[in-house]
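Here's the structure we're looking at; comments come further down.
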Amino acid sequence: MESKDEIVKTIPRTFYERDTVKVARDLLGKKLIRTIGKQTISGIITETEAYRYADDPASHAYRGLTPRNRAMFEQVGKAYVYFTYGMYFCFNVVARNHNFAAGAVLIRGLKPEKGIDVMKKNRKTNKISNLANGPAKLTQALNINKKQYGVDLAKKTELYITSGLDKKKKIFASKRIGIKNGLHKLWNFKISI
DNA sequence: ATGCAGATTGACT
DNA sequence: GTCAATCTGCATA
């Protein structure tokens with residue numbers, strides 16, 4: 001017998017082949033799933049940020065291709081993971097249309113669903129509201145690091161994305177967090193669940 | 001509730 | 001050498 005979970009499909013690659021800002025909005029409410037052996041950790045995406053290319057001075061890709069950001073230039077629907085502040089990882093989904101050579105969506109927040117006990121252990125806290133409500137928190141909770149650089153999120157492997165909420169939620173747009181340039185762009189998107 | 005220092009290292013100029 | 005798409009704990013109010 002197959003359980004319901006096993007027949008859920010990933011979001012197809014074409015979804016990510018659209019404007020980075022649109023993809024960022026549309027990723028809200030989708031489900032991010034991490035499998036580690038038999039263990040499953042998942043959550044609903046509640047906050048995202050779009051980072052584009054030559055028009056976006058806040059983007060890692062702004063000054064062109066480097067070893068770190070190369071995933072942003074490669075196939076859409078894959079993971080771009082980077083290390084920052086000497087101790088954290090941030091997780092992005094590569095997304096762009098044909099007007100841009102690079103682009104990615106930073107996943108900034110999740111509402112935990114499955115594997116909450118594991119998240120608590122990974123995050124060393126019992127407060128559910130503090131498990132995955134930040135870009136470096138969710139990578140800790142889901143045990144995401146450089147090993148997941150380039151992982152294909154359109155394929156059901158160790159890390160992937162599926163449809164989530166059915167109902168459309170109200171989207172709040174604001175300034176992106178923790179950057180110095182490109183602050184006039186309202187490319188931070190949130191929903192409240 | 002708001003604010004700030006400190007942690008800690010790799011990527012880039 | 002500089003500084004980062006951040007988080008935590010502690011301080012003040």
Side-chain angles (χ1 to χ4, degrees), chain A residues 16 19-28 30 32 34 41 43 45-74 76-96 100-112 116 118-151 153 159 161 171-192:
Chain A
Y16 304 104
D19 180 60
T20 310
V21 178
K22 269 205 182 88
V23 175
R25 294 176 61 97
D26 291 349
L27 275 172
L28 295 171
K30 299 287 188 287
L32 178 64
R34 172 83 166 110
I41 312 172
I45 296 171
T46 55
E47 184 178 354
T48 62
E49 267 171 17
Y51 287 91
R52 223 149 61 175
Y53 182 46
D55 64 330
D56 182 7
S59 173
H60 286 172
Y62 181 59
R63 293 170 200 283
L65 177 67
T66 68
R68 176 178 68 162
N69 68 21
R70 76 170 201 282
M72 292 182 74
F73 292 80
E74 295 180 344
V76 298
K78 293 193 170 178
Y80 166 45
V81 181
Y82 67 87
F83 182 69
T84 192
Y85 291 108
M87 58 181 92
Y88 298 116
F89 295 100
C90 291
F91 166 68
N92 300 248
V93 184
V94 179
R96 63 172 180 277
F100 298 96
V105 176
L106 173 67
I107 307 301
R108 290 190 58 87
L110 297 177
K111 177 178 181 268
I116 291 179
V118 186
M119 295 198 211
K120 285 178 178 170
K121 211 178 286 175
N122 290 343
R123 290 272 305 124
K124 304 185 202 303
T125 176
N126 285 319
K127 210 177 165 194
I128 291 182
S129 62
N130 195 32
L131 290 179
N133 60 329
K137 295 183 187 180
L138 89 248
T139 56
Q140 285 181 192
L142 304 205
N143 193 20
I144 293 172
N145 54 64
K146 255 329 198 6
K147 289 185 200 129
Q148 279 71 47
Y149 193 101
V151 165
L153 304 162
L159 186 64
I161 298 175
I171 295 173
F172 301 90
S174 38
K175 286 187 279 195
R176 292 173 291 178
I177 313 294
I179 58 170
K180 289 184 176 158
N181 300 313
L183 283 168
H184 61 285
K185 296 184 189 323
L186 300 181
W187 287 358
N188 170 295
F189 303 107
K190 280 187 284 268
I191 54 174
S192 45

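Below, chain A is the first sequence line, B the second, and so on; all start at residue 1.
Here the side chain of A:Tyr82 is nearest to one of B:dA7, C:dT8, C:dA5, namely C:dA5. Of the listed nucleotides (B:dA7, C:dA5, C:dT6), C:dT6 has the atom at the smallest distance from the side chain of A:Ala136. Distances from the side chain of A:Met72 to the nucleotides B:dC12, C:dT6, C:dA5 place C:dA5 closest. Across C:dT8, C:dT6, B:dG10, the shortest atom-to-atom separation from the side chain of A:Phe83 is found for B:dG10. Set against C:dT8, B:dC12, B:dT13, the side chain of A:Arg63 has B:dT13 as its closest nucleotide. Residue A:Thr66 has its side chain nearest to B:dC12 when only C:dA5, B:dT8, B:dC12 are considered.
Counting heavy atoms from C-beta on, the side chains of A:Ile107 and A:Leu27 come closer than 4.5 Å.
Between the C1' atom of C:dG9 and the CG atom of A:Asn130 lies a distance of 12 Å, rounded to the nearest Å. To the nearest angstrom, C1' of C:dC7 lies 13 Å from CG of A:Leu138. Atom-to-atom, CG of A:Asp56 to P of C:dA5 comes out at 11 Å; the value is rounded to the nearest Å. As rounded to whole Å, 17 Å separates atom C1' of B:dC12 from atom CZ of A:Arg70. Distance, A:Asn122 CG to C:dC7 P: 16 Å, rounded to whole Å. Rounding to whole angstrom units, NE2 of residue A:His60 and C1' of C:dT6 are separated by 12 Å. Rounding to whole angstrom units, NZ of residue A:Lys127 and C1' of C:dG9 are separated by 13 Å. Distance, A:Tyr62 OH to C:dA5 P: 15 Å, rounded to whole Å.
With a cut-off of 3.5 Å on both Watson-Crick or G-U wobble distances, the partner of C:dA11 is given as B:dT2. Pair assignment for B:dT8 gives none, since no Watson-Crick or G-U wobble pairing has each distance under 3.5 Å.
Using a 4.0 Å heavy-atom cutoff across all strands shown, A:Lys180 reaches sugar-phosphate atoms only and no base atom. Contacts of A:Lys146 with the nucleic acid, taken as non-hydrogen atoms under 4.0 Å apart, involve only primed sugar atoms and P, OP1 or OP2. Residue A:Leu106 is in base contact, counting any heavy-atom pair closer than 4.0 Å across all strands shown.
Between the side chain of A:Thr48 and the backbone N or O of A:Leu106 there is no donor-acceptor pair closer than 3.5 Å.
A salt bridge does not link A:Glu74 with A:Lys78: every distance from a Lys NZ or Arg NE/NH1/NH2 to an Asp or Glu carboxylate oxygen is 4.0 Å or more.
A cation-pi geometry, defined here as NZ or CZ lying under 6.0 Å from the six-membered ring centre and within 45° of its normal, holds between A:Arg176 and A:Tyr51.
With values rounded to the nearest 0.5 angstrom, A:Leu138 atom CG is found 9.5 Å from A:Arg123 atom CZ.
Between A:Tyr85 and C:dT6, a base-stacking contact is recorded: ring centres under 5.5 Å apart, planes less than 30° from parallel.
For the 3.5 Å distance criterion, the side chains of A:Asn122 and A:Gln140 fail to qualify, holding no donor opposite an acceptor.
Contact annotation: A:Lys124 does not reach the phosphate of C:dT8 (side-chain N/O to OP1 or OP2, under 4.0 Å). Within the structure, every side-chain polar atom (N or O) of A:Arg123 is placed at least 4.0 Å from both OP1 and OP2 of C:dC7.
Comparing A:Tyr88 and A:Arg68 by the nucleotide of DNA chain B that holds the closest heavy atom to each, the one mapping nearer the 5' end is A:Tyr88.
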